[in-house]
Amino acid sequence: MASVASILSRAPLGMQAPAVTVEVHVGEGLPSVSIVGLPETAVKESKERVRSALVTSNYQFPDGRVIVSLAPADLPKEGGRYDLPIALGLLVASGQVSARMLQGCEFYGELSLTGELRPVRGVLPAVCQAAHSGNRVVVPTANLAEAALVRNARVAGASHLVEVCAHVSGDHPLAFARAPGPVGELPCYPDLRDVRGQANALRALEIAAAGAHSVLMIGPPGSGKSMLAHRLPGILPPMTEAEALQTASLLSVSARGFSPSDWGRRPFRAPHHTASAAAMVGGSSPPRPGEVSLAHNGLLFLDELPEFQRRVLEVLREPLETGTICISRGARQAEFPARFQLVAAMNPCQCGYLGDPEGACRCTSAQIRQYRSRLSGPLLDRIDLHVEVPRLALSELGASGRETEASTVVGARVMAARERQLGRSGKANSTLSAQELEKSALITRPAQQLVEIALSQLRWSARAYHRVLRVAVTIADLAGAERIEPAHVAEAIQLRRALSS
């Protein structure tokens, strides 16, 4: 009878899934079970779930001294995913199940008291790592659709401990299918056709989509800011498979989990203005992604921007620049991607009707300054487009108003502009470094002079200067122009002046 068994599994650690070897030793002595290797409470409790699952599945729980070691010993272990490998280790070590099919196979799954396999979080990153290592994976049936999204991964699903034991012993091997990768219909988004008027805002939205630029919309209540924001995903280029897999992996390790029906859908996160800084950037122990990471490859919409706490807004500055966020909680650290497109909306003043002929603003100059001072200069400096969204006239709201182009029409122009950017520099214009911008921005002398005049008169920072150039490059890409002309620069400057007055 074998006394030691080793089962392969993986630990959730941010976006990573380091390998964990579950070693089980069954020896002589008084009956006891010890789990070592930095197990947290859920892992320590697994011995009770495993004991009941073995008994109800007509197996015997070993009577001697049992030691379960989760290696590496310095890596914290949490969650119920180790139930299945611990149970298999006990059965193999006690000689109740042979280990003919264990080589090169990883196991994840939580056990119910009856031996049924329950789904676990963080399967997608684990399967990605397993496929990279050339290992096969056994997951609960409820996780199979998620695991099959990893192209060429060899995965099999099981619903009960007995099925896994029959596979391990070679009596009834599970069917490992090489996943073909994701299939499904394209996601459906709200259409721009629903918008009436707001030609300037629609143009800014198109520019923002083409270059992945951040945008701040300023206008009175009811002018359509939220409506415009919710229609931006519909004109963005479709996600690549790599982007979709990364986004799905982030959802997989989040508290909500990932649903295969969300595959390929651009994230649209809209946290309430009462959200805390920890909710925005992530937290907990172990660290989990926050709103900025869950919006990766998609949109983060902050409505009523000045109503957010100052500290919450300031934490956006780093991910807006770097595209990543590092979370440190005690002895644990995790880095999550956070390359999101910020879309924000605000009223022009506290009452919301500054400059609106129908609204009769009641705010004093001091109140207006105090309201706008809730947004720091460094944060506003990092937002590419500042767009005014005025109240619509009644004639524009009715059926006689000018019809807006469909999202498919605008999306085709956006896609063409994005392809120009990818062919030129391999990335969207908003992510160009200063050095890459100099190579991409083939600017004419009159256009350069116009930028320099604006920089001097408006007292812009170097960051604002580069952001205006990036927007000008995007406008030129939408026009199919090879060089940046004064008209492109003038439009980029105009799209940044809404809060200058």
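These values consider heavy atoms only, across backbone and side chains, with no hydrogens, waters or symmetry-generated copies. Start at 1 with the first residue, then count along the sequence. Since the model is a prediction, treat every value here as computed from it, not as a measurement.
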Inset, instruction - Check the pair Arg118 / Leu111 against side chain to side chain contact (heavy atoms under 4.5 Å, CB included), numbers first and verdict last. - result: CA-CA 6 Å; Arg118 291 173 172 166; Leu111 286 173; over 6 Å; no
Inset, instruction - Begin from the C-alpha positions of Arg151 and Glu241 and carry the test salt bridge (Lys or Arg N to Asp or Glu O under 4.0 Å) through to its verdict. - result: CA-CA 10 Å; Arg151 189 178 296 278; Glu241 187 171 322; 2.7 Å; yes
Inset, instruction - Quick one: do Arg317 and Glu321 satisfy salt bridge (Lys or Arg N to Asp or Glu O under 4.0 Å)? Show the steps, please. - result: CA-CA 7 Å; Arg317 287 161 55 177; Glu321 288 289 332; over 6 Å; no
Inset, instruction - Begin from the C-alpha positions of Val387 and Val215 and carry the test side chain to side chain contact (heavy atoms under 4.5 Å, CB included) through to its verdict. - result: CA-CA 7 Å; Val387 185; Val215 56; 3.8 Å; yes
Legend entry - Step-by-step side chain to side chain contact (heavy atoms under 4.5 Å, CB included) determination, Arg49 to Glu45: CA-CA 7 Å; Arg49 294 191 296 271; Glu45 293 172 346; 3.9 Å; yes
Inset, instruction - For side chain to side chain donor-acceptor pair (under 3.5 Å), just list the numbers for His172 and Glu163, CA-CA rounded to whole Å, side-chain angles, deciding distance to a tenth of an Å, and then say yes or no. - result: CA-CA 8 Å; His172 296 285; Glu163 295 179 35; over 6 Å; no
Inset, instruction - Decide yes or no on salt bridge (Lys or Arg N to Asp or Glu O under 4.0 Å) for Lys47 and Asp83, but give the supporting numbers first. - result: CA-CA 8 Å; Lys47 61 184 179 183; Asp83 289 3; over 6 Å; no
Legend entry - side chain to side chain contact (heavy atoms under 4.5 Å, CB included) between Trp263 and Leu149, worked out: CA-CA 9 Å; Trp263 175 263; Leu149 293 173; 3.6 Å; yes
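Side-chain contact between Phe301 and Leu232 is absent, with no heavy atoms from C-beta onward closer than 4.5 Å. Residues Val168 and Leu88 have side chains in contact (heavy-atom distance under 4.5 Å, counting atoms from C-beta outward). Contact check for Arg374 versus Arg310: no side-chain heavy atoms found under the 4.5 Å cut-off. In this structure, the side chains of Ser214 and Val343 stay at 4.5 Å or more apart for every pair of heavy atoms. At least one side-chain heavy atom of Pro173 sits under 4.5 Å from a side-chain heavy atom of Met101. The shortest distance between side-chain heavy atoms of Val137 and Arg154 does not fall below 4.5 Å. Here the side chains of Leu205 and Val410 are not in contact, with every heavy-atom distance at 4.5 Å or above. Side-chain atoms of Leu305 and Leu313, non-hydrogen and from C-beta on, do get closer than 4.5 Å to each other.
Using a distance-only test at 3.5 Å, with no hydrogens or angles considered, a donor-acceptor pair links the side chain of Gln341 to the main chain of Ala208. Under a 3.5 Å cut-off, the side chain of His213 and the backbone N or O of Ala209 do not form any donor-acceptor pair. Arg193 places no side-chain N or O within 3.5 Å of a backbone atom of Ser407 that could act as its donor or acceptor partner. Using modelled atom types, one side-chain atom of Asn143 and one backbone atom of Val120 make a donor-acceptor pair closer than 3.5 Å. Within the 3.5 Å criterion, the main-chain N or O of Ala244 finds no donor-acceptor partner in the side chain of Thr247. Between the Ser252 side chain and the Ala248 main chain, no donor and acceptor come within less than 3.5 Å of each other. Looking at Thr322, its side chain does come within 3.5 Å of a backbone N or O of Glu318 through a donor-acceptor pair. Using a distance-only test at 3.5 Å, with no hydrogens or angles considered, a donor-acceptor pair links the side chain of Gln96 to the main chain of Gln60. In terms of modelled atom types and a separation under 3.5 Å, the side chain of Thr141 and the main chain of Ala158 share a donor-acceptor contact. Checking side-chain atoms of Glu419 against main-chain N and O of Ala416 turns up no donor-acceptor pair under 3.5 Å.
From Lys77, atom NZ reaches atom OG of Ser46 across 12.5 Å, with rounding to the nearest 0.5 Å. Atoms CG and OG1, from Leu385 and Thr474 in turn, are 8.5 Å apart once rounded to the nearest 0.5 Å. Interatomic distance, CD of Glu304 versus NE2 of His273, reported as 7.5 Å (0.5 Å rounding). The distance from atom OG of Ser293 to atom CE of Met280, rounded to the nearest 0.5 Å, is 11.5 Å. Rounding to the nearest 0.5 Å places CZ of Arg10 at 11.0 Å from OH of Tyr82. Between atom CG of residue Leu54 and atom CG of residue Leu91 there is a gap of 5.0 Å, rounded to the nearest 0.5 Å.
Remark: Arg65 CZ is loosely packed, at most 12 non-hydrogen atoms of other residues, nucleotides or ligands lying under 6.0 Å away.
Nearest heavy-atom pair across Arg470 and Ser430 is CD-O, 3.9 Å. His296 and Ala338 get closest at one heavy-atom pair: ND1-N, 3.7 Å. Annotation for Leu161 and Ser57: closest pair CD2-OG, 4.2 Å, computed over non-hydrogen atoms. Among all heavy-atom pairs drawn from Cys105 and Leu8, the shortest one is O-CB, 3.5 Å. Shortest non-hydrogen contact noted between Tyr108 and Leu84 is O-CD2, 3.8 Å. For the residue pair Arg121 and Ser254, the shortest heavy atom distance occurs at CD-O, 2.9 Å.
Asn135 and Ser133 share no side-chain donor-acceptor pair at under 3.5 Å. Neither side chain, Thr21 nor Glu23, offers a donor N or O lying under 3.5 Å from an acceptor on the other. Of the N and O atoms on the side chains of Ser433 and Glu436, at least one donor lies less than 3.5 Å from an acceptor on the other residue. Residues Ser376 and Glu314 bring a donor and an acceptor atom of their side chains to less than 3.5 Å of each other.
Geometric assessment of Arg265 against the ring of Tyr189 yields a positive cation-pi assignment under the 6.0 Å and 45° thresholds.
Checked against a 6.0 Å centroid threshold, the rings of His167 and Phe176 count as neighbours.
Applying the salt bridge (charged side-chain N to carboxylate O under 4.0 Å, His left out) test between Asp477 and each of Arg418, Arg424, Arg413 identifies Arg424 as the sole match.
Note: His230 and Phe268 have tilted aromatic rings, judged against thresholds of 30 and 60 degrees for the angle between ring planes.
The pair Asp194-Arg231 counts as a salt bridge, with a side-chain nitrogen and a carboxylate oxygen less than 4.0 angstrom apart.
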